[in-house]
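Read through the structure below, which is laid out as structure tokens, and then see the notes.
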Amino acid sequence: MEKTLKTEIIYKGKKVLFQRDEVELESGRKTIRELTIHPGSAAIIPMLPDSRIIIIKQYRYAVKNTLYEIPAGTLEPGETPLQCAHRELKEETGYTAGKMEKLIQFYPSPGISNELMHLFFAKDLKKAGRGGSRTALSDETLAVLEVNMDEAIEMIKNGKIIDAKTICGILLCSKDL
């Protein structure tokens with residue numbers, strides 16, 4: 001167990017906080033830990049009645065690449081993971097879910113962040129509102145794709161899907177079909 005000796009806030013953003021902690025290791029040696037404090041997130045495997053899943057094609061600035069991902073987003077203040085999952089599904093795909101089941105939760109990057117991601121399986125999907133319009137945020141440019149599970153698995157194998165939450169969700173759900 002490491003003992004926190006001192007915390008310095010480096011930057012406070014809209015959604016995350018960056019901090020540097022001085023810690024004492026069990027050996028008594030002191031070192032620095034830099035980390036991201038994150039409110040948590042929800043990700044969704046949306047399954048259509050014909051067993052195709054909905055994925056998003058989106059440019060990610062941090063990796064300077066366009067990625068294929070399942071819908072996901074950060075929890076808003078006071079929002080539960082389930083509420084976040086419903087909101088993100090509608091915002092990013094234009095669908096609502098009749099049923100949303102929590103599958104697992106995990107730390108996507110525990111070496112640098114305390115983010116806890118909640119993974120949901122959504123079914124009984126319906127287009128939201130008139131025409132199923134998405135309400136994506138103004139800073140998001142994304143395309144909605146529908147792929148069958150075999151195609152999704154092949155996209156993982158050939159390196160087209162390289163996002164961890166998406167790989168985890170697809171592989172987890174492919175076993176339950």
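Residue numbers start at 1 and run along the sequence shown. Bear in mind that the values here come from a model prediction, so they are computed numbers and not experimental data.
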Is there a chain of hydrophobic side chains (I, L, V, M, F, W, Y, each step under 4.5 Å between heavy atoms) that links L89 to L67? no
Would you compute the distance between atom CG of D50 and atom CG of N148 and round it to the nearest 0.5 angstrom? 8.5 Å
Gap separating the CG atom of L48 from the NZ atom of K126, nearest 0.5 angstrom: 12.0 Å
Between E79 (side chain only) and E76 (backbone N and O only), is there a donor and an acceptor less than 3.5 Å apart? yes
Minimal heavy-atom distance between M155 and V147, with the atoms involved, is SD-CG1, 4.4 Å
Please report the interatomic distance CD1(I53) to CD1(I70), rounded to the nearest 0.5 Å. 8.0 Å
Against S41, only a single residue in K165, Q105, H118, E115 fulfils side chain to side chain donor-acceptor pair (under 3.5 Å); can you say which? E115
Find out if a path of hydrophobic residues (ILVMFWY) with successive side-chain heavy-atom gaps under 4.5 Å connects V16 to I10. yes
State, to 0.1 Å, how close A128 and T96 come at their nearest heavy-atom pair, and which atoms those are. CB-CG2, 3.8 Å
Rounded to the nearest 0.5 Å, what separation is found between the CD1 atom of I45 and the OG1 atom of T166? 7.0 Å
Heavy-atom closest pair, residues P46 and L125: CB-CD1, 3.8 Å
Going from CG on D163 to CD on Q58, what distance comes out if it is rounded to the nearest 0.5 angstrom? 10.0 Å
Hphob cluster co-occupancy, L116 + F120, side-chain heavy atoms under 4.5 angstrom: no
May I ask you to list the residues sharing a hydrophobic cluster with V23, side-chain cutoff 4.5 Å, ordered by chain and number? L25
Would you confirm whether E92, through its side chain, and A72, through its main-chain N or O, come within 3.5 Å as a donor-acceptor pair? yes
Less than 4.0 Å between a side-chain N and a carboxylate O, is that true for K3 and E24? no
Non-hydrogen side-chain atoms of L103 and C173 separated by less than 4.5 Å: yes
Between I161 and A152, which heavy-atom pair has the shortest distance, and what is it? CD1-O, 3.9 Å
State plainly whether the residues E151 and R52 are in salt-bridge range, i.e. N to O under 4.0 Å. no
Start with the C-alpha gap between L171 and I156, add the side-chain angles, then the distance that decides, and say whether side-chain contact (heavy atoms from CB on, under 4.5 Å) holds. CA-CA 9 Å; L171 294 179; I156 292 169; 4.2 Å; yes
Within the distance-only criterion (no hydrogens, no angle test), does the side chain of Q83 pair as donor or acceptor with the backbone N or O of T80 below 3.5 angstrom? yes
side-chain contact (heavy atoms from CB on, under 4.5 Å) between L119 and F106, intermediate numbers included: CA-CA 8 Å; L119 180 63; F106 57 93; 4.2 Å; yes
Pair K15-H38, side-chain donor/acceptor within less than 3.5 Å: no
Just to verify, which of R33, R29, K30 counts as forming a salt bridge (charged side-chain N to carboxylate O under 4.0 Å, His left out) with E2? R33
side-chain contact (heavy atoms from CB on, under 4.5 Å) partners of Q19, counting only residues at least two apart: T7, I9, L17, D21, L35, I37
Under the criterion side-chain contact (heavy atoms from CB on, under 4.5 Å), I'd like the reasoning laid out for F121 against M47: C-alpha separation, chi angles, the key distance, then a yes or no. CA-CA 7 Å; F121 178 75; M47 179 75 68; 3.7 Å; yes
Testing the basics here: between A42 and P81, what is the closest heavy-atom pair and its distance to 0.1 Å? CB-O, 3.6 Å
Tell me whether I170 shares a hydrophobic cluster with L145, the cluster being built from Ile, Leu, Val, Met, Phe, Trp, Tyr side chains joined at under 4.5 Å. yes
Nearest 0.5 Å, please: how far is CD1 in I112 from CZ in F18? 8.5 Å
Do Y107 and I167 belong together in a cluster built from hydrophobic side chains that touch within less than 4.5 Å? no
Flag yes if more than 12 heavy atoms outside K6 fall under 6.0 Å of its NZ atom; otherwise flag no. no
Tell me, with the steps shown, if E69 and R60 meet side-chain contact (heavy atoms from CB on, under 4.5 Å). CA-CA 10 Å; E69 304 177 44; R60 292 296 193 172; 2.7 Å; yes
Set of residues satisfying side-chain hydrogen bond (donor to acceptor under 3.5 Å, both in side chains) with respect to T74, sequence neighbours excluded: none
For A97 and H86 the tightest heavy-atom approach is O-CE1, 3.7 Å
Assign the ring pair Y59 / Y61 to parallel, tilted or perpendicular, where the plane angle (0 to 90°) is split at 30° and 60°. perpendicular
